[in-house]
Amino acid sequence: IFMSGFGNDDEITMARQLGVKSFLMKPLKVSMLSDAIMAAFSEEYVSLRQSSETETTPISIQYQHLNGTRVLVVDDSLINQQVVIELLEMAGVQAVAADNGQEGINALKKETFDMVLTDLQMPVMDGCEFAQAIRESSGFGDIPVIAMTADAMAEDKERCLSAGMDDYVSKPIESEKVFNAIGRWIKR
């Protein structure tokens, strides 16, 4: 069983040619690891289990419909920016970072984006103020805005939606949730 945070089709093909039973992409789910262990010891288990394509298919293939999408990531944490951008790039999404809402507004004035992912709690201009500024400006159209935040209470989600955001993804970031949210709102 191979595990990797980065895997492309060539690596997976090479691993299979070498006899590797499973190639798992990080972050791992307990069910994925369990299935891989069972598959390594039992061919019958593989044939009995209804396999899910998303568990064994690399992100670049699972979310190939997002390839070329341009996303603005607005977060004051450089680590969060890096994690989100690397995740998006694995699916072929082009991502640009801004450190706060004001920088996000400046980036939207300079470049065209298909979507915005924004944190809520930031200095200068927070995520809700940022979303309201986007909605009040006629220059940004109806660009989808998705909140990414550790604030996971129901009232936090309602506050995001009231501010003009379209969707909400809680932190810590889970790739499936992020890509599903992007897929729901992207106009391609």
Side-chain angles (χ1 to χ4, degrees), residues 4-6 25-32 54 59-60 62-63 65-188:
S4 175
F6 305 96
M25 297 295 294
K26 295 178 184 177
L28 291 178
K29 294 180 183 175
V30 172
S31 63
M32 292 168 56
T54 59
I59 286 175
S60 61
Q62 285 180 51
Y63 301 104
H65 62 286
L66 300 177
N67 190 8
T69 301
R70 290 188 40 80
V71 174
L72 176 62
V73 177
V74 184
D75 198 313
D76 61 323
S77 166
L78 295 177
I79 293 171
N80 288 345
Q81 286 178 8
Q82 183 179 1
V83 168
V84 173
I85 288 173
E86 286 181 12
L87 176 66
L88 295 174
E89 288 177 346
M90 289 172 66
V93 174
Q94 300 169 9
V96 173
D99 293 333
N100 58 59
Q102 185 58 56
E103 286 186 20
I105 294 291
N106 296 342
L108 287 169
K109 288 178 181 177
K110 292 179 189 172
E111 299 180 53
T112 302
F113 295 94
D114 298 306
M115 175 170 292
V116 175
L117 297 175
T118 184
D119 188 21
L120 289 186
Q121 298 181 8
M122 299 178 288
V124 184
M125 180 187 286
D126 72 20
C128 288
E129 293 169 332
F130 174 53
Q132 288 171 337
I134 289 173
R135 297 302 177 228
E136 291 169 2
S137 173
S138 61
F140 303 128
D142 58 352
I143 187 170
V145 179
I146 299 174
M148 293 184 311
T149 181
D151 298 337
M153 304 297 283
E155 58 267 13
D156 296 317
K157 183 174 184 178
E158 187 57 40
R159 186 169 59 108
C160 292
L161 298 177
S162 297
M165 296 185 196
D166 298 291
D167 212 335
Y168 176 96
V169 177
S170 61
K171 290 179 182 176
I173 298 298
E174 294 180 29
S175 60
E176 188 174 336
K177 288 181 181 179
V178 172
F179 289 125
N180 287 340
I182 292 172
R184 276 193 299 274
W185 294 100
I186 204 68
K187 294 180 180 179
R188 287 196 171 254

Considering only heavy atoms from C-beta outward, does the side chain of [X] approach that of [Y] to under 4.5 Å?
| X | Y | result |
| --- | --- | --- |
| Val116 | Leu108 | yes |
| Val84 | Met148 | yes |
| Asp126 | Leu120 | no |
| Val145 | Leu117 | no |
| Leu87 | Phe179 | yes |
| Ile186 | Met115 | yes |
| Gln94 | Leu88 | no |
| Asn67 | Val93 | no |

Closest contact, heavy atoms only, [X] versus [Y]:
| X | Y | answer |
| --- | --- | --- |
| Ala97 | Ile85 | CB-CD1, 3.7 Å |
| Met165 | Ala131 | CG-CB, 3.6 Å |
| Leu72 | Gly104 | CD2-O, 3.6 Å |
| Phe130 | Ile105 | CE1-N, 3.6 Å |
| Asp114 | Gly68 | OD2-O, 4.2 Å |

Main-chain N/O of [Y] paired with [X] side-chain donor or acceptor, under 3.5 Å:
| X | Y | answer |
| --- | --- | --- |
| Gln81 | Asp75 | yes |
| Arg135 | Gly164 | yes |
| Asp76 | Asn100 | no |
| Ser137 | Ala133 | no |

Provide the full list of salt bridge (charged side-chain N to carboxylate O under 4.0 Å, His left out) pairs with a residue in residues 88-101, sequence neighbours left out, each pair given once.
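Listed once each, the pairs would be none.
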
Among Lys109, Lys110, Gln102, Glu103, which residue satisfies the side-chain hydrogen bond (donor to acceptor under 3.5 Å, both in side chains) criterion with Asn106?
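Exactly one option meets the side-chain hydrogen bond (donor to acceptor under 3.5 Å, both in side chains) with Asn106, and it is Gln102.
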
What's the spacing between [X] [atom1] and [Y] [atom2] if we round to 0.5 Å?
| X | Y | atom1 | atom2 | result |
| --- | --- | --- | --- | --- |
| Phe140 | Ile134 | CZ | CD1 | 6.5 Å |
| Asn180 | Ser175 | CG | OG | 9.0 Å |
| Met122 | Ser77 | CE | OG | 11.5 Å |

Show your reasoning for whether side chain to side chain contact (heavy atoms under 4.5 Å, CB included) applies to Ile146 and Trp185.
CA-CA 9 Å; Ile146 299 174; Trp185 294 100; 4.2 Å; yes

Partner residues of Glu136 under the salt bridge (Lys or Arg N to Asp or Glu O under 4.0 Å) criterion, sequence neighbours left out
none

Pairing residues for Asp167 by the salt bridge (Lys or Arg N to Asp or Glu O under 4.0 Å) criterion, not counting sequence neighbours
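Scan of Asp167 (salt bridge (Lys or Arg N to Asp or Glu O under 4.0 Å), adjacent residues dropped) gives Arg184.
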
